[in-house]
Amino acid sequence: MPQLTLQPPLTSLDQLNNTLTTQGFAVLGSDSVCALAGVSIEALRALQPSWNDLPPDQYLKDGGRYRRRRHASFQVTPDQVQLVPHRAHWQPLSYNALHGGMQRWFDPMAPEVVQQDAWQKLLRGLACLACAAQGDQTWFTEAHQFRIDTTDGIGRPTPEGAHRDGVNWVAVFLLDRQGIKGGETRVFDINSPSGQRFTLNEPWSLLLLDDTRVIHETTPIQPEGDGGWRDTLVVTLRSGGFLDEPVPKA
């Protein structure tokens with residue numbers, strides 16, 4: 001019997017700014033994502049084969065083998081996407097108690113992905129949203145390709161638990177989920193116990209989060225049969241600069 005899941009509350013593009021202002025997050029369906037980026041769903045789907053070539057995450061402190069990923073960094077405006085030299089992903093312990101405080105050098109995203117027109121338009125669309133909310137500026141952007149699988153019998157999309165990322169905006173795109181149960185998204189207001197939970201199911205749907213106002217997590221996945229996986233793209237946008245390890249004082 002198919003697992004019953006709570007469907008996400010979808011927001012239309014014309015109501016996006018109001019929804020973000022009211023609750024600090026919004027979910028867009030794939031049609032709205034395509035309209036935001038000015039691309040077809042076929043162009044977005046053409047990015048997906050690269051998720052079949054993600055190397056294992058070598059930094060999991062729980063000893064798991066369930067996460068594969070690639071990473072890239074950009075400076076993005078509504079008009080331009082500039083790939084910056086490959087750099088480590090770093091978060092302080094205050095944002096990531098499990099994997100913070102360490103430089104994580106993930107393998108870079110493939111050139112044939114980041115050079116695609118659909119990829120460039122997707123990032124520029126996110127920059128447009130961020131600028132509409134906080135004014136025109138350059139957004140220091142990190143992109144993470146994730147595949148969480150059930151190699152260990154269970155896969156943990158967010159092994160650090162409910163968290164913030166230390167940025168301004170977090171965009172979580174659900175690309176695919178195959179042969180799994182679980183993977184429920186939970187979003188909580190940072191200043192109160194109120195929150196919502198739902199499961200992203202539609203390919204290329206988008207959860208957009210105001211990282212200054214909410215914390216988020218995704219529950220573990222389990223296989224429905226012989227195995228399965230959940231593919232996501234996580235893009236973070238930060239004002240003023242990348243989140244870097246502090247330089248010790250001399």
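Because the structure is a prediction, the values reported are computed rather than measured. FYI, side chains are in, hydrogens and waters are out, and symmetry mates aren't considered; it's all heavy atoms of this structure.
Every residue meeting the side-chain hydrogen bond (donor to acceptor under 3.5 Å, both in side chains) condition with Thr151, not counting sequence neighbours, appears here in chain and number order: Asp149.
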Please report, to 0.1 Å, the donor-acceptor pairs under 3.5 Å made by any side chain of residues 166-174, with sequence neighbours excluded.
residue : atom : partner : partner atom : Å
Asn168  : OD1  : Ser239  : N            : 2.8
Trp169  : NE1  : Gln134  : OE1          : 2.7

Would you give me the side-chain donor-acceptor pairs under 3.5 Å for residues 43-50, sequence neighbours excluded?
residue : atom : partner : partner atom : Å
Gln48   : OE1  : Trp204  : NE1          : 2.7
Ser50   : OG   : Leu47   : O            : 2.8
Ser50   : OG   : Gln145  : NE2          : 2.9

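The shortest side-chain heavy-atom distance between Arg213 and Phe25 does not fall under the 4.5 Å cut-off. Using a 4.5 Å heavy-atom threshold, the side chains of Arg124 and Pro78 count as separate. Under the 4.5 Å side-chain criterion, counting only non-hydrogen atoms from C-beta, Thr150 is in contact with Ile180.
Among all heavy-atom pairs drawn from Pro220 and Pro157, the shortest one is CA-CD, 3.9 Å. Leu175 approaches Pro203 most closely through the heavy-atom pair O-CB, 3.4 Å. In terms of heavy atoms, Gly182 sits closest to Ile221 at C-CG2, 4.2 Å. Contact between Pro223 and Gly153 at its shortest, heavy atoms only, is CD-O, 3.2 Å. Taking all atoms of both residues into account, the shortest heavy-atom contact from Ala127 to Trp139 is O-NE1, 3.9 Å. Nearest heavy atom pair, residue Gln196 against residue Pro9, reads OE1-CG, 3.6 Å.
Hydrophobic cluster membership of Trp229, counting Ile, Leu, Val, Met, Phe, Trp and Tyr whose side-chain heavy atoms lie under 4.5 Å apart directly or via other members: none, as it forms a cluster of its own. With a 4.5 Å cut-off between side-chain heavy atoms of Ile, Leu, Val, Met, Phe, Trp and Tyr, the cluster of Ile154 takes in none.
For the pair Ser192 (side chain) and Asp189 (backbone), a donor-acceptor distance under 3.5 Å is absent. When atom types are taken as modelled, the side chain of Ser32 and the backbone of Ser12 share no donor-acceptor pair closer than 3.5 angstrom. Looking only at distances, a side-chain donor or acceptor of Arg70 sits under 3.5 Å from a matching main-chain atom of Asp53. Without hydrogens or angle criteria, Glu217 side chain to Val187 main chain gives no donor-acceptor distance under 3.5 Å.
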- Determine, step by step, whether Leu208 and Leu20 satisfy the side-chain contact (heavy atoms from CB on, under 4.5 Å) criterion, reporting the C-alpha distance in whole Å, the side-chain angles of both residues, the deciding distance to 0.1 Å, and the verdict. CA-CA 8 Å; Leu208 186 65; Leu20 290 173; 3.8 Å; yes

- Carefully, step by step, assess Glu184 and Thr219 under the rule side-chain hydrogen bond (donor to acceptor under 3.5 Å, both in side chains). CA-CA 5 Å; Glu184 181 181 78; Thr219 62; 5.3 Å; no

- Item | Test log, rule side-chain contact (heavy atoms from CB on, under 4.5 Å), inputs Phe140 and Ser73 | CA-CA 8 Å; Phe140 296 83; Ser73 301; over 6 Å; no

- Item | side-chain contact (heavy atoms from CB on, under 4.5 Å) evaluation trace for Thr138 with Gln80 | CA-CA 9 Å; Thr138 296; Gln80 185 178 26; over 6 Å; no

- Using the side-chain contact (heavy atoms from CB on, under 4.5 Å) rule, take Glu160 and Gln91 through it: C-alpha gap first, then chi angles, then the decisive distance, then the call. CA-CA 12 Å; Glu160 65 272 34; Gln91 294 173 294; 5.6 Å; no

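Taken together through direct or relayed side-chain contacts under 4.5 Å among Ile, Leu, Val, Met, Phe, Trp and Tyr, Val235 and Phe146 form parts of separate hydrophobic clusters. Residue Leu209 is grouped with residue Val27 when hydrophobic side chains (ILVMFWY) are merged at heavy-atom distances under 4.5 angstrom, including chains of intermediate members. The same ILVMFWY cluster, assembled from side-chain heavy atoms under 4.5 Å apart, contains both Leu126 and Leu233. A single hydrophobic cluster is not seen to contain both Phe242 and Val76; linkage of ILVMFWY side chains at heavy-atom distances under 4.5 Å, directly or through other members, places them apart. Under the 4.5 Å side-chain heavy-atom criterion for Ile, Leu, Val, Met, Phe, Trp and Tyr, Val39 and Ile41 are members of the same hydrophobic cluster.
For the atom pair CG (Leu54) and CG (Asp107), the distance works out to 9.5 Å, reported to the nearest 0.5 Å. Distance CG/Asp165 to CG/Leu237: 11.5 Å, rounded to 0.5 Å. Summarising the geometry, atom CG belonging to Leu60 is positioned 5.0 Å from atom CZ belonging to Arg67; distances are rounded to the nearest 0.5 Å. Residue Gln115 holds its CD atom at 8.5 Å from CG of Leu83, rounded to the nearest 0.5 Å. Here NE2 of His99 is found 10.5 Å from NE2 of His89. Values are rounded to the nearest 0.5 Å. Atom-to-atom distance recorded for Thr185:OG1 and Phe198:CZ is 5.5 Å, nearest 0.5 angstrom.
For Asp226, the CG atom counts as loosely surrounded, since its 6.0 Å shell holds 12 or fewer non-hydrogen atoms of other residues, nucleotides or ligands.
Counting only residues at least two apart or on different chains, the ring-ring contact (aromatic ring centres under 6.0 Å, His included) pairs with a member in residues 37-60 are Tyr59-Phe106.
A salt bridge does not link Arg238 to Asp211: none of the charged nitrogens lies less than 4.0 Å from a carboxylate oxygen.
For the residue pair Gln103/Arg87, the side-chain donor-acceptor check at 3.5 Å is not satisfied. If you check the side chains of Thr199 and Asn201, you find no donor sitting under 3.5 Å from an acceptor. With 3.5 Å as the limit, one finds a donor-acceptor pair spanning the side chains of Glu142 and His71.
Applying the side chain to side chain donor-acceptor pair (under 3.5 Å) test between Arg147 and each of Asp57, Asp231, Asp176, Thr232 identifies Asp231 as the sole match.
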